[in-house]
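Each remark here refers to the structure printed beneath this line.
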Amino acid sequence: MFDNKHTYLSVGIVKYYAQLKALQPAEQTILDLFKDRWSSIKMLDIGVGGGRTTLHFSQATADYTGIDYSAAMIAACKTRFSASPQASFEIADARDMSQFEDDSFDFILFSFNGIDYISHADRLKVFQEISRVGKSGGHFCFSSHNLQAFEREFNFRRQLRFNPLKTYTNLVMFVLLRTFNPSLMLQKLKTAAHAIVKDESHNFRLNTYYVRHQEQLDQLEPNFSDVKSYSWSSGLELTHEQASNTTSDLWLYYLCTIN
Ligand SMILES: C[S@@+](CC[C@H](N)C(=O)[O-])C[C@H]1O[C@@H](n2cnc3c(N)ncnc32)[C@H](O)[C@@H]1O
């Protein structure tokens with residue numbers, strides 16, 4: 001079911017990630033938040049893709065390693081950053097980072113929802129691996145798709161607007177979502193803690209994990225503390241109420257301390 005790696009090996013997708021440059025607003029917030037600390041931080045950037053985040057973090061940190069399970073992404077990074085000896089890249093799967101020793105990194109990033117392309121059981125394994133390779137008191141930052149916001153996209157009535165053009169585009173997306181996800185039922189989604197969805201990213205090719213905010217906090221609870229949530233689009237920190245109920249952000253950033 002989770003054949004997402006195949007997609008991340010394909011030439012066109014690698015090319016797409018290798019030309020991205022800008023940080024997302026929440027990533028900029030995190031970069032600013034640690035601005036006095038980066039120079040002493042050893043960072044692991046998981047699912048580095050084509051190196052979008054490398055551009056910003058590798059120059060700020062004391063030591064920077066980018067990993068990805070797609071050999072093609074790592075090859076693209078090595079080419080893109082061939083003149084940047086401070087950035088190193090390795091092929092590695094987040095589910096098994098046995099090439100890294102315990103307590104190796106001060107800051108671990110898994111950006112742009114990279115963690116959403118594996119199964120539920122593997123996701124829990126990844127959280128454990130991150131807490132193992134991360135130093136106690138260090139930080140882990142990642143983003144993940146927001147099931148609460150997706151539920152609205154999957155609800156016919158929520159697509160209707162006063163603006164007919166907006167209604168039309170909403171309905172086209174609604175029909176595509178329903179077509180690519182024939183077994184998803186709105187009633188079931190409303191009570192689910194997490195769900196696997198084929199959404200529009202890369203033309204509905206990927207199986208993507210969506211999670212409710214409270215469920216995400218529960219998954220982090222055994223290994224992480226002091227969890228903060230951020231709107232990916234505004235970069236602002238969200239209260240629990242905003243992150244759980246009101247935000248329309250299709251994905252949220254999380255920042256937590258490693259126990
Ligand atoms: C949505 S892309 C984001 C790429 C990059 N971080 C960016 O923001 O432009 C997700 C990346 O995570 C990688 N990835 C997904 N699952 C992974 C895993 N289990 N281990 C390592 N990398 C993984 C994919 O190969 C892909 O490069």
Side-chain angles (χ1 to χ4, degrees), residues 1-31 43-58 61 64-81 87-100 105 107-130 132-134 140-146 196-211 230 232-233 235 250-254:
M1 183 187 177
F2 272 89
D3 188 25
N4 289 326
K5 187 174 176 183
H6 180 73
T7 302
Y8 288 123
L9 283 166
S10 81
V11 176
I13 303 272
V14 173
K15 235 179 168 180
Y16 167 74
Y17 283 104
Q19 51 80 44
L20 295 182
K21 290 193 177 98
L23 282 185
Q24 297 178 3
E27 294 165 345
Q28 188 62 54
T29 298
I30 306 299
L31 189 66
M43 174 168 174
L44 178 66
D45 196 344
I46 305 177
V48 64
R52 179 182 64 86
T53 47
T54 311
L55 279 174
H56 306 269
F57 288 91
S58 69
T61 48
Y64 174 95
T65 304
I67 63 168
D68 204 290
Y69 70 175
S70 160
M73 293 288 190
I74 292 301
C77 281
K78 285 186 173 168
T79 304
R80 188 175 186 181
F81 297 98
S88 68
F89 300 97
E90 290 181 36
I91 300 167
D93 192 316
R95 291 166 282 200
D96 174 10
M97 296 190 280
S98 44
Q99 69 259 57
F100 301 118
F105 299 99
F107 189 94
I108 300 176
L109 179 67
F110 206 158
S111 69
F112 211 169
N113 315 316
I115 199 165
D116 290 342
Y117 301 105
I118 50 176
S119 69
H120 176 74
D122 282 348
R123 181 183 185 90
L124 302 184
K125 229 187 260 173
V126 166
F127 287 137
Q128 265 178 6
E129 266 297 80
I130 286 168
R132 181 187 69 74
V133 300
F140 170 44
C141 177
F142 69 104
S143 67
S144 185
H145 284 89
N146 178 11
I196 302 298
V197 174
K198 280 193 190 274
D199 63 17
E200 74 271 26
S201 77
H202 304 311
N203 296 325
F204 300 89
R205 279 165 77 175
L206 294 163
N207 288 301
T208 303
Y209 187 96
Y210 278 71
V211 65
Y230 297 85
W232 86 266
S233 56
L250 272 174
W251 65 91
L252 300 173
Y253 269 81
Y254 296 86

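Atoms within each ligand, like the ligands themselves, are counted from 1 in listed order. Atom set for the values below is all heavy atoms of this structure, side chains included, hydrogens, waters and symmetry mates excluded. Numbers here are sequence positions counted from 1.
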- Task: Would you check if Thr65 and Phe100 make a side-chain contact, meaning some heavy-atom pair closer than 4.5 Å?
- Result: yes
- Given side chains that start at C-beta, do those of Trp251 and Thr208 come closer than 4.5 Å, heavy atoms only? no
- Query: Is there a side-chain contact between Phe112 and Phe142 (heavy atoms, below 4.5 Å)?
  - Reply: no
Please give the N or O to N or O pairs under 3.5 Å between ligand 1 and the protein, distances rounded to 0.1 Å.
{"from": "ligand 1", "atom 1": "6 (N)", "to": "Gly47", "atom 2": "O", "distance (Å)": "2.7"}
{"from": "ligand 1", "atom 1": "6 (N)", "to": "Ser111", "atom 2": "OG", "distance (Å)": "3.1"}
{"from": "ligand 1", "atom 1": "8 (O)", "to": "Arg52", "atom 2": "NE", "distance (Å)": "3.1"}
{"from": "ligand 1", "atom 1": "8 (O)", "to": "Arg52", "atom 2": "NH2", "distance (Å)": "2.8"}
{"from": "ligand 1", "atom 1": "8 (O)", "to": "Ser111", "atom 2": "OG", "distance (Å)": "3.4"}
{"from": "ligand 1", "atom 1": "9 (O)", "to": "Arg52", "atom 2": "NE", "distance (Å)": "3.2"}
{"from": "ligand 1", "atom 1": "19 (N)", "to": "Asp93", "atom 2": "OD1", "distance (Å)": "3.0"}
{"from": "ligand 1", "atom 1": "20 (N)", "to": "Ala94", "atom 2": "N", "distance (Å)": "2.9"}
{"from": "ligand 1", "atom 1": "22 (N)", "to": "Tyr69", "atom 2": "N", "distance (Å)": "3.2"}
{"from": "ligand 1", "atom 1": "25 (O)", "to": "Asp68", "atom 2": "OD1", "distance (Å)": "2.6"}
{"from": "ligand 1", "atom 1": "27 (O)", "to": "Asp68", "atom 2": "OD2", "distance (Å)": "2.7"}

- Query: Would Arg123 and Asp116 pass as an ion pair if we require N to O under 4.0 Å?
  - Reply: yes
- Phe140/Leu44 under side chain to side chain contact (heavy atoms under 4.5 Å, CB included): CA gap, chis, key distance, verdict: CA-CA 10 Å; Phe140 170 44; Leu44 178 66; over 6 Å; no
- Message: I'd like to check the side-chain contact (heavy atoms from CB on, under 4.5 Å) partners of Lys15; sequence neighbours left out, ordered by chain and number.
- Response: none
